[in-house]
**Student:** 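Here it is, the structure, as structure tokens.
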Amino acid sequence: MYEEILKSIRENYLETEREVLERAFHFAKEAHNGQKRASGEEYFTHPVAVANILISLGMDCDTVAASFLHDVIEDTQVSEGDIKELFGDEVLQLVQGVTKLDKIEFRSKEEEQAENFKKIFVSMAKDIRVIIIKLADRLHNMRSLNFLSHERQLRMAHETLDIYAPLAGRLGISQIKCELEDLCLKYIDPEGYEFLSVNINDEIHERQQFVAFVVNELKHILEESSIEGEVFGRPKHFYSIYKKMKKQGKSLDQIYDLTAVRVIVKTVDECYELLGKIHKKWKPIPGRIKDYIAMPKENLYQSLHTTVVTSVGKIFEIQIRTWEMNHTAEFGIAAHWKYKENKDSSDNFDQKLSWIREVMEWQGGLSNSTEFLESLKGDVYSTEVLVFTPKGEVLSLVKDATPIDFAYRIHTEVGHKCVGAKVNGKMVPITTTLNVGDIVEIVTSKLSKGPSWDWLRIAKSPGARAKIKAFFKKADSAENEKKGKTMLELEAKNKGYNFGELLTPLSFEIISQKLSFSTEEEMFTAVGCGAVTVNQVLLKLIDYHKKENPIPQKIVETKYKKATNHVGGVKIKGCDNFLVRFAGCCAPVPGDDIIGYISRGRGVTVHRRDCPNMRGEDPARFLEAEWTEVVGSYNISVRVIGGESTPILVYVSNACTALGLFIASVNGRIDSKNRQSIVDFTIRINKKEDIEALFTKVSQNKDIIDIFRPQS
């Protein structure tokens with residue numbers, strides 16, 4: 001029963017390695033003795049099947065030994081010490097990397113899954129072979145999934161499609177990726193899988209003659225060019241066809257590339273020469289020529305792809321690559337072991353692993369394992385956008401990436417100090433979506449205080465987002481958390497609300513979607529350190545609260561009697577014996593067009609009629625208001641914005657002196673992101689016309705960008 005794998009071991013490994021592998025085989029067989037799988041087979045058939053997959057990938061002795069032993073710690077009486085003593089530290093570390101976390105208690109299945117994946121990635125960063133064993137383990141489990149319950153079949157299929165198949169793709173192991181995806185489809189959409197399995201073979205059979213025609217034509221081109229190579233047609237796997245049908249809404253007979261023709265030659269020069277001759281013979285379809293040789297994918301896949309219209313009017317895809325590129329395309333990261341004798345010591349193996357190190361760098365900025373898992377999904381699923389640095393280096397970014405993603409991809413500090421960007425030589429907003437082939441240059445400043453919380457909505461890559469969050473998490477988080485919560489509670493009280501009633505699990509979910517918070521603590525910290533303003537958070541919570549707790553129309557009609565009340569120089573129509581107060585958000589002053597608003601438990605609040613906080617409020621809570629006699633002077637708030645070097649204080653002081661106005665207070669700051677200076681004044685005036693005169697006089701200075709009365 002097990003002779004086949006022992007034969008493979010003898011054929012593929014050196015004598016010293018064979019001794020280790022046969023010892024691991026017999027040790028694991030004895031440890032699993034008497035255990036059964038769901039199928040009724042001996043449990044040991046599973047580690048044997050995993051080892052077989054790894055041998056076919058050409059993996060080294062320690063990896064295959066670890067595959068025999070990968071379940072013994074979890075499922076048998078064998079200890080870690082036993083493995084270390086018999087097989088050494090390296091094999092033990094590989095086994096530990098794939099052992100599940102059964103001894104830890106989790107709050108949910110999702111948390112357990114997330115923690116497992118985080119452990120796998122930590123192990124991957126130390127030794128990539130861990131994930132290769134895990135992929136082989138999952139492949140065999142998917143092959144025998146029919147023996148499990150329907151619920152477990154669906155759970156494992158979705159988990160595999162979400163994580164394992166994309167990881168196999170990211171590591172370039174296409175043969176495992178394709179089989180995993182097809183097996184997932186079989187359980188997630190059995191009808192779709194059955195339809196494809198029945199009909200694709202018929203379709204391919206009908207097109208076989210045409211494929212043979214294309215193959216022969218390409219062989220003629222090779223002969224005429226004196227290029228040695230192989231040409232063959234290869235059917236695409238079910239899931240790639242299924243995705244295309246779903247995404248493009250096409251039927252099977254409308255999918256023209258069920259089979260791709262592949263040409264394999266010896267050198268890169270021959271690849272390009274052949275591409276030119278194919279285009280000379282058949283017209284290429286614009287936009288369907290892809291040069292993955294000059295710009296490899298992140299998993300280092302290299303090939304030339306072109307889609308052409310043949311002389312008989314049919315469309316066909318052709319792939320051109322060297323033998324070495326083909327090995328990498330089939331075996332991905334495993335090619336490092338399978339074909340290591342054909343490579344020098346300075347191959348790009350470290351480059352293949354760089355993205356894993358990047359994941360481990362940014363995962364430290366995430367609050368928990370579940371967030372890590374969600375970010376990981378985004379990272380492994382991301383569609384690539386290839387852009388250039390000013391020095392001509394190629395960087396691969398996620399789809400819809402912005403200059404912020406580019407900056408953090410270069411280095412964390414470059415991201416933190418980013419104040420602008422040039423794309424193709426022109427200054428652009430940091431919100432700009434980057435396109436394939438863009439040349440991107442980041443403008444940095446030593447004066448930058450770091451990222452803005454708004455960048456979390458702009459950044460598209462998990463790495464950039466995690467580094468931004470880590471920045472805010474690092475800066476006095478405990479103190480800022482306490483400070484932010486206090487600020488929110490006080491402002492809520494000022495607006496007539498109990499903050500505890502405003503912040504509910506549902507209202508936080510709404511606000512987290514808009515402001516990218518993972519936890520309430522993170523929200524408090526962001527407010528405390530000034531990353532977001534109090535009103536950015538509070539007004540959204542109040543808005544949600546009002547929608548969920550509307551005041552009945554009945555109460556408004558009966559509670560307030562028609563009368564006239566004169567309070568603080570303001571006349572409110574329809575309000576009798578109620579407290580009248582002035583809103584802090586818009587700070588109305590005599591002469592402003594005003595309106596009364598019935599506040600919950602706080603009487604009537606007077607707002608400016610154009611106050612943004614009053615937009616969308618219940619009309620039944622509004623009362624007409626007007627100013628009565630105005631006596632004496634009063635203060636107003638004025639904000640003035642100019643360039644970084646604009647002498648705003650001089651301009652405003654001169655204007656106030658000329659108009660006989662008094663400056664009560666001044667508070668200024670620099671906005672380095674927009675290269676502006678911002679100064680807030682409190683100015684004592686005598687009448688509304690003084691405001692208009694002041695605004696007119698200050699605005700005459702051409703360096704002034706804006707002057708207005710701010711809303712808090």
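Predicted model, so just to flag it, every value in this text is computed and none were measured. Computed over heavy atoms, backbone and side chain alike; hydrogens, waters and symmetry mates excluded.
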**Student:** Go through the structure and list residues passing side chain to side chain contact (heavy atoms under 4.5 Å, CB included) with Cys178, not counting sequence neighbours.
**Tutor:** His237
**Student:** How long is the straight-line distance from CG of Asn326 back to CZ of Phe331, given to the nearest 0.5 Å?
**Tutor:** 9.0 Å
**Student:** Can you name the side-chain hydrogen bond (donor to acceptor under 3.5 Å, both in side chains) partners of Gln319, sequence neighbours left out?
**Tutor:** Arg262, Glu317, Arg321
**Student:** For Ile176 and Ala168, work out which heavy atoms get closest and say how close.
**Tutor:** CG2-CB, 4.1 Å
**Student:** Listed by chain and number, what are the ring pair (Phe, Tyr, Trp, His ring centres under 6.0 Å) partners of Tyr13, not counting sequence neighbours?
**Tutor:** none
**Student:** Verify the neighbour count for atom CD of Glu509: are there more than 12 heavy atoms of other residues, nucleotides or ligands below 6.0 Å?
**Tutor:** no
**Student:** By ring pair (Phe, Tyr, Trp, His ring centres under 6.0 Å), which residues pair with Phe406, not counting sequence neighbours?
**Tutor:** none
**Student:** Measure from the side-chain N and O atoms of Arg23 to the backbone N and O of Phe87, and report whether any donor-acceptor pair falls under 3.5 Å.
**Tutor:** no
**Student:** Taking ring pair (Phe, Tyr, Trp, His ring centres under 6.0 Å) as the cut-off, I'd like each qualifying pair that reaches into residues 130-149, sequence neighbours left out, listed once.
**Tutor:** His46-His140
**Student:** What pairs with Gln153 under side chain to side chain contact (heavy atoms under 4.5 Å, CB included), at least two apart in sequence or on another chain?
**Tutor:** Leu145, Leu148, His150, Tyr187
**Student:** Listed by chain and number, what are the side chain to side chain contact (heavy atoms under 4.5 Å, CB included) partners of Leu6, not counting sequence neighbours?
**Tutor:** Glu3, Ile9, Arg10, Glu22, Phe25
**Student:** Looking at CG of Leu21 and CZ of Arg18, how far apart are the two atoms once the value is rounded to the nearest 0.5 Å?
**Tutor:** 10.0 Å
**Student:** Quiz question: by atom type and distance under 3.5 Å, do the side chains of Arg37 and Ser144 form a donor-acceptor pair?
**Tutor:** yes
**Student:** Not counting sequence neighbours, which residues clear side-chain hydrogen bond (donor to acceptor under 3.5 Å, both in side chains) with Gln35? List them please.
**Tutor:** His32
**Student:** Can you sort out the partners of Ser512 under side-chain hydrogen bond (donor to acceptor under 3.5 Å, both in side chains), two or more places apart, ordered by chain and number?
**Tutor:** none
**Student:** Residues two or more places apart in sequence or in another chain: which of them pass ring pair (Phe, Tyr, Trp, His ring centres under 6.0 Å) with His305?
**Tutor:** Tyr292, Tyr301
**Student:** How long is the straight-line distance from CD1 of Ile318 back to OG of Ser303, given to the nearest 0.5 Å?
**Tutor:** 11.5 Å
**Student:** Test of understanding: with salt bridge (charged side-chain N to carboxylate O under 4.0 Å, His left out), list the residues that count as partners of Arg457, not counting sequence neighbours.
**Tutor:** Asp454
**Student:** What pairs with Asp62 under side-chain hydrogen bond (donor to acceptor under 3.5 Å, both in side chains), at least two apart in sequence or on another chain?
**Tutor:** none
